[in-house]
Structures are given as C-alpha cells and as structure tokens.
Amino acid sequence: VKIATIVGARPQFIKAAALTRRIRGDFAGLIDEVLVHSGQHYDEEMSAVFFKELDIPQPSYNLGVGSASHASQTAMIMERSEKVLREIKPDAVVVYGDTNTTLAGALAAAKIHIPVAHIEAGLRSFNRSMPEEINRIVCDHVSTWLFPPTQTGLENLIHEGFSDKNKLPATPDSPWVVTVGDVMYDNALHYSSGKSSGTGLPGRFGLEGKDYVLCTLHRDHNTDDPGRLNAIFRCLDHISRDFMIPVLIPLHPRTRKMMNELLEKDLASTLAGNPMMIMAPPLSYLEMIVAEKGARLIITDSGGVQKEAYFFRKPCLVLRAETEWTELVEAGAAMLVDADQEKILQAFQQYYKRPPEHFTGLFGDGDASGAICRVLSSGKF
Ligand code: UD1
Ligand code: UDP
C-alpha cells in the first residue's frame with residue numbers, strides 16, 4: 001500500500017515519527033510512505049531539528065508555503081499538494097491533528113478521490129472560534145479512515161453520525177472508525193526509555209536539581225489578545241516570585257513576536273529584570289521531554305503538552321476555557337484556568353500543595369502506530 005503523509009507543523013513531525021518508525025520496522029514491504037512537508041513551519045528549531053533528532057526520513061516534497069493568513073495558507077497548501085498527489089498517486093493520504101496543513105491536505109486529497117486517513121480524529125473543544133476546531137470537523141467529515149485516540153473522540157464521532165460498526169471496504173461514504181490510542185503516547189514511551197540527547201537541558205538553564213515550572217504558550221487566542229497575553233505573563237511573574245520557583249518558557253516564534261508587540265511596558269521590564277523567568281528558544285523534542293519530566297508543574301495552552309504532562313505524571317494548568325482532551329480534566333490531572341489571574345493562582349497553589357495522583361490509562365497501550373499500520377496495510381480499500 002502506498003501512502004502519502006502530509007505534515008507541516010511541529011506537532012505533526014513528532015506524531016509522524018511514531019508511524020514512520022513502525023512503517024520502516026515491522027511494516028516494511030507492506031506500506032510504502034512518501035512524506036510531503038507543507039512548509040507551514042520552517043525555522044530550523046520548528047522543523048528541521050525534529051527530522052534529525054527523531055530520525056524521520058527527509059520529505060520527498062516541500063511545498064514551501066510559509067506563514068500567511070488562514071485562507072491563503074490553506075489555499076496554497078491545497079493547490080500545491082494536489083499537484084504532488086497527482087504525481088505520487090498514493091492509495092491513501094495520511095494527515096495528523098488539526099492544523100491548516102491537516103485541513104488543506106485532506107481537502108485536496110478527497111477532491112481528487114484519494115481516500116484520507118485522519119490520525120487524532122474526533123477531538124472536539126466545542127469552540128468554533130478556534131481555527132483548529134474548524135480544521136478538525138471538516139477533516140473528519142472528508143476522511144475515509146478515522147483514528148480517534150480516545151473514547152471521547154469516538155463518542156464525538158458517533159454523535160456526528162459516524163459508526164464504529166464498520167463494513168469493508170471503507171469508502172468516503174462508508175468510513176472506518178477505529179479507536180487506536182494516541183501516537184504521542186507511543187513516542188513518550190519510546191523516547192523516554194532510551195538514551196536522550198536532551199539530558200543536558202536542566203544544566204543549560206541553571207535548573208539542575210531544582211524545582212521549576214515549565215510553560216508553553218502559542219494559541220492565537222492567547223498570544224494575539226493583549227488582555228490575555230498580559231494577564232498570563234503577569235501571573236507567571238507572580239508565581240515565580242511568590243513561590244520562589246523558576247519558570248522555564250520555550251517561546252514559540254509567534255509568542256515571541258506578539259510579546260514584543262503587545263506586552264505592557266512595565267510588565268516587559270519586570271520580566272526582563274526577573275531572573276526566575278527563563279525565556280528560551282523552542283526546544284527540541286528530546287529536550288522538551290527532559291524539561292517535562294523534570295518540572296514540578298506544567299502550564300500550557302498546547303494540546304500535545306497537556307497530554308505529555310499526563311504521560312509524565314505532572315499536574316497541568318491549561319490556559320484555556322475548554323479543552324478537546326476532556327478526560328485529563330475529568331481525571332483531575334489538569335485544570336482549566338483560562339487566562340484568569342485568580343483561577344491560575346488558585347489552581348497553582350492547589351496542585352503545588354497537593355499534586356494529583358491518578359495518571360493511568362486513557363491513551364491506549366503505547367502502540368497506536370502499530371494499530372494504524374495494521375488497518376492501512378490491510379489493503380482493503
Ligand atoms: C500552528 C497551528 C496550531 C498548532 C501549532 C503548533 C494552524 C491554524 N495552527 O499554529 O494548531 O498548535 O501550529 O505549533 O494551523 N512562525 C515563525 N517560524 C516558523 C513558524 C511560524 O516565525 O517556523 C511565526 C510566523 O510569524 C507565523 C506565526 O509564527 O505567522 C504563526 O505560525 P502558524 O503556522 O500560522 O501558526 P501557529 O501559531 O504556529
Ligand atoms: N514541543 C517541542 N519543543 C517546544 C515546545 C513543544 O518539541 O519548545 C513539542 C511538545 O513536546 C509536543 C509538541 O511539540 O510533543 C506539541 O506541539 P505544539 O505545542 O507546538 O502544538 P499543539 O500540540 O498545541 O498543536
């Protein structure tokens with residue numbers, strides 16, 4: 001079976017690493033994969049570093065779209081991927097998650113009758129003002145194979161009219177829904193047990209043997225809204241001073257840019273003068289894993305980092321009003337604190353004093369990639 005995998009943003013390189021590893025392992029000879037990079041993320045530390053570190057084959061095509069408005073970026077990816085898909089002639093196209101690359105790759109393929117496999121299907125935050133929610137919904141509804149990572153993902157799909165009582169062959173009018181677990185959990189197990197090139201990380205930031213908080217922030221809802229951005233950074237500054245705990249923040253390029261534009265002057269100089277606030281460039285995945293495992297607590301608006309906090313048994317404050325990973329909140333492992341100063345400080349105090357204890361199950365058996373490969377290699381398209 002020949003598949004074309006379309007990736008373009010940081011979390012997709014990481015997710016693709018899990019499947020690619022399986023394809024080149026047990027499924028070599030059964031699945032032939034051609035990688036297409038949309039170019040949505042392009043800085044060395046947002047793209048190339050993951051291919052090198054996670055041993056992902058170089059993409060056969062880079063569509064080079066770069067940054068642009070939602071419509072322009074999506075349109076460019078659609079137009080350019082249609083062209084390369086006609087050249088590759090795959091049996092199926094694989095897309096991950098909920099970015100503009102996901103949406104554009106899925107639409108381009110579906111329109112030229114190439115069936116789409118969506119990994120991380122069925123997730124819903126029920127907030128359609130987030131671009132990711134639109135991307136997820138549309139992508140699911142043009143997909144032929146849907147791979148929800150969780151039970152909630154499956155239930156959301158059933159609620160939207162999908163069935164998990166599949167009949168072969170799968171077709172766009174009669175899609176297959178298979179709950180397989182989470183490929184990011186596969187990775188967390190795989191990379192945290194082996195040798196890690198991220199082990200020098202705590203020393204690099206003077207954090208060896210110390211308690212610290214890890215924070216990531218990049219959703220436009222937070223970064224592009226001056227009220228929210230300032231509230232979050234004021235809170236982080238407070239936490240570092242009140243609890244005498246360093247806060248390590250690997251900055252997404254979007255966040256760095258918006259901080260320069262939107263942070264109030266007094267706050268910008270307070271942050272610059274606070275040695276406990278450690279602003280870093282984006283980390284590599286292996287560094288990130290080490291940073292997560294060493295943290296006392298994680299504060300984030302990232303989908304992936306919320307889950308990794310759970311995988312590594314760290315309490316997590318989610319800087320959003322809702323999450324598509326609802327089971328983390330239900331399990332008591334994460335709290336939704338929005339950009340609300342009071343909620344953030346209260347939740348921080350609560351987890352700091354009494355961290356949650358239950359961190360088991362929810363994301364499969366650690367071989368979601370194997371389950372996906374088994375379906376894709378069955379060839380019953
Ligand atoms: C995108 C996804 C988001 C995902 C995130 C993962 C969409 C709509 N959003 O958000 O779902 O969580 O990736 O990280 O697809 N930039 C650089 N260098 C880069 C990439 C981006 O400087 O290599 C800057 C540019 O100023 C760009 C901005 O970051 O305009 C935003 O990039 P974009 O890819 O549009 O969205 P993300 O916020 O990264
Ligand atoms: N990540 C990373 N370096 C960083 C920040 C995040 O390698 O500096 C990894 C993180 O460990 C997770 C993934 O990127 O595996 C999450 O991606 P991101 O937060 O960009 O997007 P989201 O998951 O919200 O779509």
Side-chain angles (χ1 to χ4, degrees), residues 7-18 37-50 53-54 64-74 76-77 95-105 120 123 125 129-136 138-139 149 182-188 191-192 197-198 201 214-224 248-261 279-293 295 298 300-312 314 318-320 323-325:
V7 289
R10 171 168 68 187
Q12 294 167 337
F13 310 136
I14 296 167
K15 290 166 196 170
H37 188 324
S38 70
Q40 177 172 350
H41 286 175
Y42 42 85
D43 288 348
E44 159 84 22
E45 56 208 3
M46 293 296 288
S47 172
V49 66
F50 300 102
E53 186 177 69
L54 306 181
V65 299
S67 303
S69 73
H70 285 289
S72 306
Q73 190 177 56
T74 307
M76 276 192 282
I77 301 171
V95 291
Y96 292 90
D98 53 19
T99 72
N100 289 346
T101 297
T102 316
L103 170 68
E120 263 192 14
L123 300 174
S125 68
S129 71
M130 293 186 70
E132 290 83 3
E133 186 76 351
I134 310 285
N135 294 346
R136 291 179 194 119
V138 178
C139 179
D182 195 310
V183 292
M184 289 188 86
Y185 183 46
D186 299 7
N187 271 342
Y191 290 107
S192 62
S197 67
L201 178 107
L214 175 70
C215 174
T216 79
L217 176 73
H218 73 274
R219 300 273 164 197
D220 59 359
H221 189 58
N222 284 329
T223 58
D224 299 12
L248 172 62
I249 315 180
L251 287 173
H252 189 289
R254 163 178 226 123
T255 314
R256 191 176 282 281
K257 186 171 140 215
M258 296 318 289
M259 284 172 76
N260 290 335
E261 287 178 27
M279 313 282 180
L283 302 179
S284 77
Y285 177 70
L286 297 183
E287 286 177 327
M288 189 65 185
I289 284 188
V290 171
E292 289 168 340
K293 285 167 81 176
I298 294 177
T300 190
D301 62 6
S302 156
V305 176
Q306 279 174 61
K307 285 184 287 172
E308 285 164 355
Y310 183 84
F311 303 154
F312 300 126
K314 302 294 170 180
V318 180
L319 296 165
R320 289 174 49 191
T323 176
E324 53 285 2
W325 302 103

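Order of listing sets the numbers, starting from 1, for every ligand and every atom in it. None of the values given here were measured: they were computed from a predicted structure.
When heavy-atom distances to ligand 2 are checked against a 4.0 Å cut-off, A9 has no atom that comes that close, whether in backbone or side chain. Proximity of E287 to ligand 2, defined as any heavy-atom pair under 4.0 Å, is not found for any part of the residue. For S302, heavy-atom contacts with ligand 2 shorter than 4.0 Å involve the backbone as well as the side chain.
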Test log, rule salt bridge (Lys or Arg N to Asp or Glu O under 4.0 Å), inputs R219 and D224: CA-CA 8 Å; R219 300 273 164 197; D224 299 12; over 6 Å; no
Audit row: V65, Y42, side-chain contact (heavy atoms from CB on, under 4.5 Å) steps and yes/no: CA-CA 9 Å; V65 299; Y42 42 85; over 6 Å; no
From CA spacing to verdict: side-chain contact (heavy atoms from CB on, under 4.5 Å), Q73, Q40: CA-CA 8 Å; Q73 190 177 56; Q40 177 172 350; 3.3 Å; yes
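Numbered from 1 in the order shown, with element, the atoms of ligand 2 that lie under 4.0 Å from a heavy atom of F50 read 7 (O). Shown in contact with R219 at under 4.0 Å from a heavy atom are these atoms of ligand 2, numbered in order with element: 22 (P), 24 (O), 25 (O). Less than 4.0 angstrom separates some heavy atom of S284 from each of these atoms of ligand 2: 7 (O). Atoms of ligand 2 found under 4.0 Å from any heavy atom of P250 (numbered from 1 in listed order, with element): 8 (O). Every atom of ligand 2 with a heavy atom of M184 under 4.0 Å away is listed here by number and element: 12 (C), 15 (O). Per-residue contacts place E292 under 4.0 angstrom from the following atoms of ligand 2 (heavy atoms of the residue considered): 11 (O). Every atom of ligand 2 is numbered from 1 in the order shown, and the set under 4.0 Å from a heavy atom of H218 is 18 (P), 19 (O), 21 (O), 24 (O).
For atom 25 (O) of ligand 2, the nearest non-hydrogen atom of the protein is P11 CG, 3.5 Å. Summary of contacts: the protein heavy atom closest to atom 3 (N) of ligand 2 is L283 O, 2.7 Å. From the protein, the heavy atom lying nearest to atom 23 (O) of ligand 2 is G304 N, 2.8 Å. With respect to atom 6 (C) of ligand 2, the closest heavy atom belonging to the protein is R10 CZ, 3.6 Å.
Residue I14 places no N or O, backbone or side chain, under 3.5 Å from any N or O of ligand 2. Of the N or O atoms in H252, none lie within a sub-3.5 Å distance of an N or O in ligand 2. Close N/O approach between M288 and ligand 2 is not found [any backbone or side-chain N/O within under 3.5 Å]. Checking only distances, D98 never comes within under 3.5 Å of ligand 2, N or O to N or O. The shortest N or O to N or O distance between E308 and ligand 2 is below 3.5 Å. Every N/O-N/O distance between P282 and ligand 2 stays at or above 3.5 Å.
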Any protein N/O atoms within less than 3.5 Å of an N/O atom in ligand 1? List the atom names and distances, or say none.
unit_1: ligand 1; atom_1: 11 (O); unit_2: E132; atom_2: OE2; d: 2.6
unit_1: ligand 1; atom_1: 12 (O); unit_2: H218; atom_2: NE2; d: 2.8
unit_1: ligand 1; atom_1: 13 (O); unit_2: H41; atom_2: NE2; d: 3.4
unit_1: ligand 1; atom_1: 14 (O); unit_2: H252; atom_2: NE2; d: 3.3
unit_1: ligand 1; atom_1: 15 (O); unit_2: Q40; atom_2: NE2; d: 2.9
unit_1: ligand 1; atom_1: 15 (O); unit_2: N100; atom_2: N; d: 2.8
unit_1: ligand 1; atom_1: 18 (N); unit_2: Y42; atom_2: OH; d: 3.4
unit_1: ligand 1; atom_1: 18 (N); unit_2: D43; atom_2: OD2; d: 3.0
unit_1: ligand 1; atom_1: 23 (O); unit_2: Y42; atom_2: N; d: 2.9
unit_1: ligand 1; atom_1: 23 (O); unit_2: D43; atom_2: N; d: 2.9
unit_1: ligand 1; atom_1: 34 (O); unit_2: Q40; atom_2: NE2; d: 3.0
unit_1: ligand 1; atom_1: 34 (O); unit_2: H41; atom_2: NE2; d: 3.2
unit_1: ligand 1; atom_1: 36 (O); unit_2: R254; atom_2: NH1; d: 3.4
unit_1: ligand 1; atom_1: 38 (O); unit_2: R254; atom_2: NH1; d: 2.7
unit_1: ligand 1; atom_1: 39 (O); unit_2: H41; atom_2: NE2; d: 2.7
unit_1: ligand 1; atom_1: 39 (O); unit_2: H252; atom_2: NE2; d: 3.0

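Ring geometry, H252 versus H218: the interplanar angle falls under 30°, so the pair is classed parallel (tilted spans 30 to 60°).
The shortest distance between side-chain heavy atoms of E133 and E324 does not fall below 4.5 Å.
Side-chain polar atoms of Q12 and T102 form a donor-acceptor pair below 3.5 angstrom.
Between K307 and E120 there is a salt bridge, since at least one side-chain N of the basic residue sits less than 4.0 Å from a carboxylate O of the acidic one.
Two rings, from F13 and H37, have their centers less than 6.0 Å apart.
In this structure, E132 has no heavy atom closer than 4.0 Å to ligand 2.
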